[in-house]
Amino acid sequence: MTSFAQSSSWTSFLKSIASFNGDLSSLTAPPFILSPTSLSEYSQYWAEHPDLLVEPNFLQQTPDASKEEVDAMALKRIIAVTKWFIATLRSQYCSRNESMGSEKKPLNPFLGEVFVGKWEDTETTDGSLGETILLSEQVSHHPPVTAYAVHNAKNSVVLQGYNGIRSSISATSINVKQYGHALLEYKELDESYLITLPPLHIEGLISASPFVELEGTSYIQSSNGYITVVEYSGRGWVSGKKNTFKARIYKDQLSSNKKENALLSISGQWSGKSYYAKGYSSPNSKNDLFYDAQASEPHHLKVKPIEEQHELESRKAWLKVAEAIKKSDYDLINEEKTLIENAQRDLRKQEAESGDKWQTRWFDYVNYLDGTVSHDAFLNLTNISNLSIRNAPSGSLKGSKYDEGEAQHWRINIQKWQDEKEIKI
Ligand SMILES: CCC(=O)OC[C@H](C)CC[C@H]1O[C@H]2C[C@H]3[C@@H]4CC=C5C[C@@H](O)CC[C@]5(C)[C@H]4CC[C@]3(C)[C@H]2[C@@H]1C
């Protein structure tokens with residue numbers, strides 16, 4: 001038990017969780033659990049291995065390739081995309097534990113908050129990787145939704161997506177369903193991938209050292225038919241290790257209905273070592289190493305100095321709150337947060353009076369049910385993967401109990417970024 005666990009603020013916090021209303025940002029957490037980082041910054045975790053993100057673009061068959069060679073290259077590419085995806089998980093779900101000792105409560109982004117940065121090509125000697133940029137924007141405040149786009153122009157790679165969560169409480173953990181998805185497009189290959197987001201829960205609350213554990217299933221569906229099905233579990237599973245996963249790659253969604261059809265199986269820890277073997281058997285450490293998450297340090301993106309940032313940029317906007325959190329000065333945290341919250345309330349009031357709703361900056365809210373979109377990567381990929389197009393928990397299948405209601409999703413409007421005058425990377 002950490003010393004925090006006995007502190008009165010943590011026990012009263014745990015009691016407050018008991019009367020939880022579903023909106024995590026409404027819980028007043030004790031200062032030591034607060035992160036000085038805004039949730040709008042979490043979009044960067046999709047691209048802390050830019051080399052892995054771009055790698056599939058270098059796996060192209062020759063123009064005169066036979067059907068078998070074309071197929072073999074397509075399989076190589078989904079294996080590379082799976083490796084990139086697995087490599088994102090340590091940053092996504094362990095980076096706070098590694099840098100601050102436990103999972104923390106991120107700052108709740110205000111509507112219109114943006115976070116931008118870039119990864120320069122420090123990997124290659126011939127510059128073949130090129131620069132990768134991140135655009136992240138809080139496109140909704142109630143409920144909180146962060147949209148993002150990662151763009152590597154040199155290799156025509158665009159990753160775009162958005163994330164919102166719904167939380168509930170069980171006896172000892174916070175259960176989180178993720179909403180949204182990521183779309184990964186390799187324009188040179190005319191190939192795209194739909195990536196869904198796994199449910200998670202927060203363990204370690206009683207011992208005041210919370211950490212994320214992934215659960216359930218997520219999918220990576222390629223426009224060339226191949227699909228990766230990833231199953232997550234924690235300590236409880238056979239391996240007894242935390243952050244355990246099994247990924248199986250199939251020729252197409254139909255064959256994914258039977259594990260025996262798996263072409264390749266990968267298993268291990270997404271925050272540690274994982275191994276692969278042909279077919280559907282579960283590989284172990286005697287098989288070939290697939291990826292070692294601890295062996296390759298994440299590349300942190302470059303962010304302009306605060307004094308060069310626009311007032312809507314996250315680190316500038318939250319600077320005083322972040323400093324107060326680092327000093328654990330609870331009164332100052334509340335004082336500075338209240339200033340930001342009041343400014344936001346005034347903006348909403350003015351918009352209500354003038355009738356000018358807040359306009360999102362770089363992302364459009366696309367309705368997939370009113371006929372405005374006849375065909376795009378998302379419709380194609382949800383068709384071949386049998387995944388719902390609705391605003392359902394990420395990875396919900398067509399025909400499942402969640403496959404109902406609206407189908408509106410956030411998409412990057414690259415023209416709006418190209419027309420951007422005020423905010424620079
Ligand atoms: C608010 C209650 C509280 O402070 O509880 C203490 C604990 C820190 C648990 C609650 C917070 O835990 C944080 C973990 C956050 C997720 C971490 C990673 C991701 C992946 C990223 O791609 C999208 C966002 C997401 C899902 C984060 C969402 C917000 C989470 C659950 C924070 C909880 C408030």
Side-chain angles (χ1 to χ4, degrees), residues 2 4-5 7 9-48 85 87-109 115 134 136-140 143-150 159-170 172-182 195-216 218 232 243 270-271 298 325 333 393-395 410:
T2 60
F4 288 143
S7 72
S9 61
W10 185 257
T11 40
S12 58
F13 162 64
L14 287 181
K15 282 198 200 93
S16 78
I17 286 193
S19 57
F20 179 64
N21 67 358
D23 175 7
L24 279 176
S25 50
S26 66
L27 284 169
T28 46
F32 63 80
I33 204 71
L34 296 177
S35 166
T37 305
S38 164
L39 200 51
S40 70
E41 288 211 27
Y42 286 43
S43 308
Q44 67 187 296
Y45 299 138
W46 283 103
E48 294 207 301
F85 174 73
T88 64
L89 301 177
R90 178 185 164 202
S91 295
Q92 294 280 14
Y93 302 108
C94 301
S95 51
R96 283 75 57 194
N97 298 70
E98 292 173 7
S99 60
M100 297 188 276
S102 87
E103 186 52 90
K104 298 281 184 177
K105 181 176 188 257
L107 291 168
N108 184 20
F115 177 68
L134 169 71
S136 179
E137 177 180 348
Q138 196 68 7
V139 291
S140 166
V145 179
T146 309
Y148 55 86
V150 172
L159 171 76
Q160 61 169 304
Y162 71 95
N163 184 280
I165 62 167
R166 298 272 163 82
S167 318
S168 62
I169 292 283
S170 68
T172 55
S173 75
I174 296 178
N175 302 309
V176 176
K177 277 199 169 67
Q178 298 198 64
Y179 285 73
H181 49 264
I195 296 128
T196 71
L197 313 166
L200 60 95
H201 57 272
I202 311 284
E203 296 191 12
L205 285 179
I206 305 294
S207 55
S209 56
F211 65 92
V212 167
E213 188 55 89
L214 299 178
E215 60 186 65
S218 79
Y232 305 88
N243 310 148
W270 46 263
S271 55
I325 289 173
I333 295 170
S394 195
W410 291 99

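Since this is a predicted model, take the numbers as computed values, not measurements. Counting starts at 1 for both ligands and their atoms, following the listed order.
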Notebook entry, point to check: Within less than 4.0 angstrom of ligand 1, does Y93 place any heavy atom?
Noted result: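 Under 4.0 Å: yes for Y93.
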Item checked: Residues E98 and R90 bridged, charged N to O under 4.0 Å ->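 Looking at E98 and R90, the cut-off is met.
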Quick test: of every protein heavy atom, which one is nearest to [atom], and how far off is it to 0.1 Å?
atom: atom 27 (C) of ligand 1; value: L39 CD1, 4.1 Å
atom: atom 24 (C) of ligand 1; value: N163 OD1, 3.8 Å
atom: atom 10 (C) of ligand 1; value: I174 CD1, 4.1 Å
atom: atom 33 (C) of ligand 1; value: L24 CD1, 3.6 Å
atom: atom 5 (O) of ligand 1; value: F13 CZ, 3.5 Å
atom: atom 26 (C) of ligand 1; value: Q178 OE1, 3.7 Å
atom: atom 6 (C) of ligand 1; value: I33 CG1, 3.9 Å
atom: atom 13 (C) of ligand 1; value: K104 O, 3.5 Å

I need the atoms of ligand 1 closer than 4.0 Å to a non-hydrogen atom of [X], numbered in the order shown.
X: K105; result: 1 (C), 4 (O), 8 (C)
X: A29; result: 4 (O)
X: Q92; result: 18 (C), 20 (C), 21 (C), 22 (O)

Looking at [atom1] of [X] and [atom2] of [Y], how far apart are the two atoms once the value is rounded to the nearest 0.5 Å?
X: Y232; Y: W270; atom1: OH; atom2: CH2; value: 9.0 Å
X: L39; Y: T146; atom1: CG; atom2: OG1; value: 4.5 Å
X: L205; Y: L14; atom1: CG; atom2: CG; value: 6.5 Å

Next item on the list: State, with a plain yes or no, whether a side-chain heavy atom of F115 is found less than 4.5 Å away from one of S38.
Entry: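 Answer no - side chains too far apart.
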Notebook entry, point to check: Any side-chain heavy atom of Q178 within less than 4.5 Å of one from P198?
Noted result: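 Yes - at least one pair of side-chain heavy atoms lies under 4.5 Å apart.
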Next item on the list: Considering non-hydrogen atoms only, spot the tightest contact between Q160 and W410 and give its length.
Entry: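 Distance-wise, the nearest heavy atoms are OE1-O, 4.3 Å.
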Notebook entry, point to check: Any idea which heavy atoms bring I33 and S102 closest together, and the distance?
Noted result: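 Taking every non-hydrogen atom into account, CD1-OG, 3.8 Å.
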Record the part of [X] in heavy-atom contact with ligand 1 below 4.0 Å; permitted values are side chain, backbone, both and neither.
X: R96; result: side chain
X: I202; result: side chain
X: P106; result: side chain

Considering all protein heavy atoms, does one lie under 4.0 Å from [atom]?
atom: atom 30 (C) of ligand 1; value: no
atom: atom 3 (C) of ligand 1; value: yes
atom: atom 15 (C) of ligand 1; value: no

Next item on the list: Please lay out, stage by stage, how I169 and N175 fare under the test side chain to side chain contact (heavy atoms under 4.5 Å, CB included).
Entry: CA-CA 6 Å; I169 292 283; N175 302 309; over 6 Å; no
Margin query: Would you call the rings of F85 and W46 parallel, tilted or perpendicular, taking 30° and 60° as the class edges?
Written below: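 It falls in the tilted class, 30° to 60°.
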Item checked: Whether F32 and W10 hold their rings parallel, tilted or perpendicular, with breakpoints at 30° and 60° ->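 The arrangement is tilted - the two ring planes meet at 30° to 60°.
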